[in-house]
Novice: 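Structure in structure tokens, see below.
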Amino acid sequence: MRLAQWAQEDAAVRVWGETDALEVSVPLPGILRVRVAPEARAGTLSFPRLAAKRSFAVRPGLPSGQTLDVQEEGETLRVTGGGLSLHLDRRTGAWRVTGDGTETELARVLGWQGEAPTARPALDAERFNLRRSRLSLSAPDGAAYLGFGERVGPLDKRGMQLTFWNTDCFPHHTETDPLYVSVPFTTVLRDGQAHGVFVDETWRMTADVARSHPHELRFASAGPELDVYVLAGPHPADVLRRYADLTGYAPMPPLWALGAAQSRWGYRTADDLRAVIAGYRERDLPLDSVYVDIDYMDAYKVWTVSGAGFGDLKAFVQEAAAQGVQLVPIIDPGVKVEAGYDVYEEAVAGDHLVRTVRGDILVGEVWPDPAVFPDFTRPEVVAWWAGRHKMFTDAGIRGQWNDMNEPACFSLAQPRETEGKTLPYDARHGQRSHLEMHNVYANPMSEASRAGYARFAPEIRPWILSRSGYAGLQRHATVWTGDNTATWSHLALSLPMIGGLGLSGLPFAAADVGGFGGDTTGELLVRWYQAALGYAFVRNHSALGTADQEPWRFGEPFTGLIRAALEERYRLLPHLYTLAHTATHTALPVLRPLALHHPADEDALREDGEYLLGEGLLVAPVMAAGHRKRRVYLPAGRWAAVSHLSASTTVHDGPVHLVADAPLDTLPLYLKAGHALPLTDPTPHTGEAHWPRLTWLAHPDETGFVGQVYGDAGDGPVTGQLTRVVGEWRDGALHLRREADGPLPDRTEELQLIGLPPVREVQGAADFTHGDGLLRLTLPGGAGEVRVVLKD
Ligand code: GLC
């Protein structure tokens with residue numbers, strides 16, 4: 001290929017040859033975009049000026065791109081802007097991206113190629129060209145590839161072949177690919193340095209991550225181009241932040257959504273749910289929400305409520321709310337075909353439905369049978385669906401669960417070959433094919449939910465859960481990992497899966513606690529609740545026909561152990577809520593893989609069985625039957641053992657592998673020196689996040705420590721403030737003080753200091769106790785300072 005010509009126009013540089021075209025821009029500092037269009041002349045993209053593209057991933061309202069400088073250096077074209085440079089070899093089409101001025105290479109594209117589209121849309125699935133556009137990046141030795149959306153296997157995807165085609169797959173296994181969520185974004189880690197690669201294509205796509213070619217990362221898309229973004233680091237956190245600057249940050253969840261949740265496919269009536277709530281309350285188990293599965297509907301008709309089972313939804317929502325419990329009903333996209341059913345009638349009359357390639361309304365089977373599918377990819381359909389949410393907001397519902405939105409379809413009225421249980425490649429979304437729109441189907445469905453709540457209940461902070469999605473979903477919803485099973489392997493799998501979702505821009509992901517399919521056991525359930533300490537939300541959910549798995553179903557000691565695990569979570573809520581707030585402006589997920597904060601540490605990168613909650617708290621759950629100890633890896637730093645969230649005098653110097661005691665009542669936890677954790681008292685359910693009582697667990701290092709806590713009303717506008725507690729060593733004394741962005745909250749704050757040398761005196765504290773290397777004191781109410789003076 002020869003890319004002989006180029007032109008600079010607006011904030012883009014276009015380069016083209018006989019048939020190929022390339023468009024370079026820098027939408028934001030540190031983010032370089034290259035639209036690579038092989039065979040553009042033969043395609044539909046217009047040539048050589050590529051037509052504007054609608055992206056579902058990129059957030060609305062992005063400013064116009066950075067100014068670009070272009071230099072011709074022989075056959076190389078160098079385009080510089082926003083701190084990055086692209087070097088394009090116009091003979092071969094190969095290009096690389098470097099940091100501006102530094103010549104540090106981020107990404108290197110070895111080549112790309114394409115095939116012209118088939119003249120007529122093929123009807124037979126096998127005749128679709130699924131590899132129409134291809135691009136190969138260099139995958140140097142030692143580079144690790146994190147993220148890529150929802151994937152099984154280890155956090156590092158090197159050596160895997162990945163498909164981007166959202167799939168309802170039950171049961172999935174530890175080798176299954178693809179699953180429900182497609183995010184073609186990876187953070188590449190090499191020698192402790194990170195950069196990102198994001199390919200914004202909703203078309204069916206594959207990524208061969210140095211599997212068939214050990215030094216190449218190969219993308220192949222069924223679409224006419226590859227829209228590639230290279231994101232600068234150098235830290236993984238920088239890559240994540242840039243990705244969210246481009247695709248949007250997740251909105252703040254309400255506090256109640258972080259509390260304990262119970263769900264089950266098989267609660268049929270309001271009385272079943274009453275019994276669940278009573279079951280929690282009678283046993284003093286914390287509970288904040290109950291998810292309501294498909295049985296609440298009348299004959300699986302979405303936006304209906306079964307009169308027989310539920311009666312007055314609003315009255316029942318109020319009854320549950322009086323006990324501190326929110327109801328989170330499910331909504332599926334499939335609309336039952338039934339004359340007179342208003343949702344179906346409106347969908348047909350408004351031309352809101354997905355059609356077959358022949359132009360008829362596509363009819364399939366989901367829970368309702370027959371069923372038709374709204375085409376959420378069109379804005380007018382989003383507006384229509386948003387309007388439907390009034391039924392929920394009128395009833396006082398504040399959260400919902402969008403399921404089956406790959407979309408799942410068990411069979412078709414006119415049988416066709418499909419990839420997985422979904423719609424055929426050539427189904428029509430307006431002018432576009434399902435092959436292009438499949439992966440993104442769930443995004444505008446959840447966008448509609450958020451729009452619905454914004455319209456009808458602007459005073460609340462809605463909680464939207466989605467099973468499926470594409471890049472950018474985080475603006476509308478979070479995800480759970482779908483239909484897992486009640487096995488130890490799935491418990492272990494949940495951590496790199498949630499970690500990988502977090503590194504794909506979805507900071508609030510979680511897995512079903514206890515496992516969805518199959519029968520759990522008391523021990524597995526206890527260990528799952530412990531491991532879920534740092535899931536963004538904790539939902540016990542299980543499938544129809546499986547053994548009951550509410551926390552009390554296995555008797556003692558399991559019920560008591562689950563209560564303790566839940567109480568531990570409720571004590572940690574000030575920290576978890578602060579992490580959630582941090583995620584909304586940094587994109588750092590709640591549950592963080594170790595590699596995020598220790599990018600140069602190989603052991604940390606391979607440690608899929610642990611996670612961090614913030615930089616300072618390391619969680620090492622037991623995830624094997626019968627084990628009462630576990631091997632723990634602690635990266636660089638000093639780590640105090642703080643299991644049960646209580647101070648201890650055991651401190652380890654990392655990096656170190658050690659064996660921790662972990663009897664059935666214990667989740668091993670470690671607090672890094674330099675950090676302080678905000679804790680509160682457990683409650684039966686959450687209320688406002690103003691934390692009337694706080695206890696800081698602080699572990700000073702040689703300079704001191706910092707802890708922070710975010711507080712607000714727990715729902716509604718996000719107008720709270722951060723409060724900090726700071727410890728600083730000066731003149732042989734540790735100086736302690738509280739700080740806040742606004743007025744200091746009026747509350748009692750206790751501080752427990754770990755790992756202190758012997759103390760001579762404490763000045764300024766209301767009271768204190770000291771012994772065994774631990775110091776407990778009450779901080780003064782205002783801005784006063786406490787001095788902890790050491791013995792000489
Ligand atoms: C799907 C969901 C599952 C739900 C079931 C019935 O399998 O993933 O969570 O319980 O449908 O609605």
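Below, all heavy atoms of this structure are taken into account, side chains as well, without hydrogens, waters or symmetry copies. Ligands are counted one by one from 1 in listed order, and the atoms in each one are counted from 1 as well. Quantities reported herein were computed from a predicted structural model and do not represent experimental measurements.
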Novice: Do any nitrogen or oxygen atoms of Trp480 lie less than 3.5 angstrom from nitrogen or oxygen atoms of ligand 1?
Specialist: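 No, Trp480 has no N/O under 3.5 Å of an N/O on ligand 1.
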Novice: Quick check on Arg281: does its CZ atom have over 12 non-hydrogen neighbours (other residues, nucleotides or ligands) under 6.0 Å away?
Specialist: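 Yes, the 6.0 Å shell around CZ holds more than 12 heavy atoms from other groups.
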Novice: Phe148 versus Leu501: any side-chain heavy-atom pair under 4.5 Å?
Specialist: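 Sidechains of Leu501 and Phe148: no contact.
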Novice: Looking only at N/O atoms, are Asp512 and ligand 1 under 3.5 Å apart anywhere?
Specialist: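 No, no N or O pair falls under 3.5 Å.
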Novice: Give the atom numbers and elements of ligand 1 that come within less than 4.0 Å of a heavy atom of Trp367.
Specialist: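 Selected atoms, number and element: 6 (C), 11 (O), 12 (O).
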Novice: Heavy atom under 4.0 Å from ligand 1: found in Trp401's side chain, backbone, both, or neither?
Specialist: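 Only the side chain of Trp401 comes within reach of ligand 1.
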Novice: Give the residue and atom name of whichever protein heavy atom lies nearest to atom 7 (O) of ligand 1, and the separation in Å to one decimal.
Specialist: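 Ranking protein heavy atoms by distance from atom 7 (O) of ligand 1, first comes Asp483 OD2, 2.7 Å.
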Novice: Which atoms of ligand 1 sit under 4.0 Å from any heavy atom of Ile294?
Specialist: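 This gives 6 (C), 12 (O) as the contact atoms.
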Novice: I need the full list of salt bridge (charged side-chain N to carboxylate O under 4.0 Å, His left out) pairs touching residues 300-326, with sequence neighbours left out, sorted by first then second residue.
Specialist: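 Counting only pairs at least two positions apart or across chains, the salt bridge (charged side-chain N to carboxylate O under 4.0 Å, His left out) contacts touching residues 300-326 are Arg274-Glu319, Asp298-Lys301, Lys301-Glu338.
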Novice: Please identify which atoms of ligand 1 are closer than 4.0 Å to at least one heavy atom of Ile330.
Specialist: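 This gives 12 (O) as the contact atoms.
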Novice: Of all the non-hydrogen atoms in the protein, which one sits nearest to atom 5 (C) of ligand 1, and at what distance?
Specialist: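 Here the closest protein heavy atom is Trp265 CE3, 3.8 Å.
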Novice: Name the closest protein heavy atom to atom 9 (O) of ligand 1, giving the residue it belongs to and the distance to 0.1 Å.
Specialist: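 Ranking protein heavy atoms by distance from atom 9 (O) of ligand 1, first comes His541 NE2, 2.9 Å.
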Novice: Check Asp332 against ligand 1 and report side chain, backbone, both or neither, counting heavy atoms closer than 4.0 Å.
Specialist: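 Neither; no heavy atom under 4.0 Å.
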Novice: Which atoms of ligand 1 are found less than 4.0 Å from any heavy atom of Arg467?
Specialist: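 Near Arg467, meaning under 4.0 Å from one of its heavy atoms, ligand 1 has 1 (C), 2 (C), 7 (O), 8 (O).
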Novice: With a 4.5 Å cut-off on side-chain heavy atoms, are Pro178 and Asn166 touching?
Specialist: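 Not touching, per the 4.5 Å side-chain cut-off.
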Novice: Just by modelled atom types, is the Ser542 backbone N or O under 3.5 Å from a matching donor or acceptor in the Thr546 side chain?
Specialist: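 Side chain of Thr546 to backbone of Ser542, a donor-acceptor pair under 3.5 Å: no, none is there.
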Novice: State whether the side chain of Gln326 and the backbone N or O of Ile397 hold a donor-acceptor pair below 3.5 Å, judged by distance alone.
Specialist: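 Side chain of Gln326 to backbone of Ile397, a donor-acceptor pair under 3.5 Å: no, none is there.
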Novice: Would you please indicate yes or no on a ring centroid separation below 6.0 angstrom for Phe456 and His389?
Specialist: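 Not under 6.0 Å, so no.
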Novice: Which is it for Phe170 and ligand 1 at heavy atoms under 4.0 Å: side chain, backbone, both or neither?
Specialist: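 Answer for Phe170: neither.
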Novice: Which residue supplies the protein heavy atom nearest to atom 1 (C) of ligand 1, what is that atom called, and how far is it?
Specialist: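 Of every protein heavy atom, Asp403 OD2, 3.1 Å lies nearest to atom 1 (C) of ligand 1.
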Novice: Would the Tyr425 and His434 ring centres measure less than 6.0 Å apart?
Specialist: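 No - the distance between ring centres of Tyr425 and His434 does not fall below the 6.0 Å cut-off.
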Novice: Does the N or O separation between Asp293 and ligand 1 drop below 3.5 Å for any pair?
Specialist: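 Yes: some nitrogen or oxygen of Asp293 is under 3.5 Å from one in ligand 1.
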Novice: Any ion pair linking Arg151 and Asp177 (charged N to carboxylate O, less than 4.0 Å)?
Specialist: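 The answer is yes: the pair qualifies as a salt bridge.
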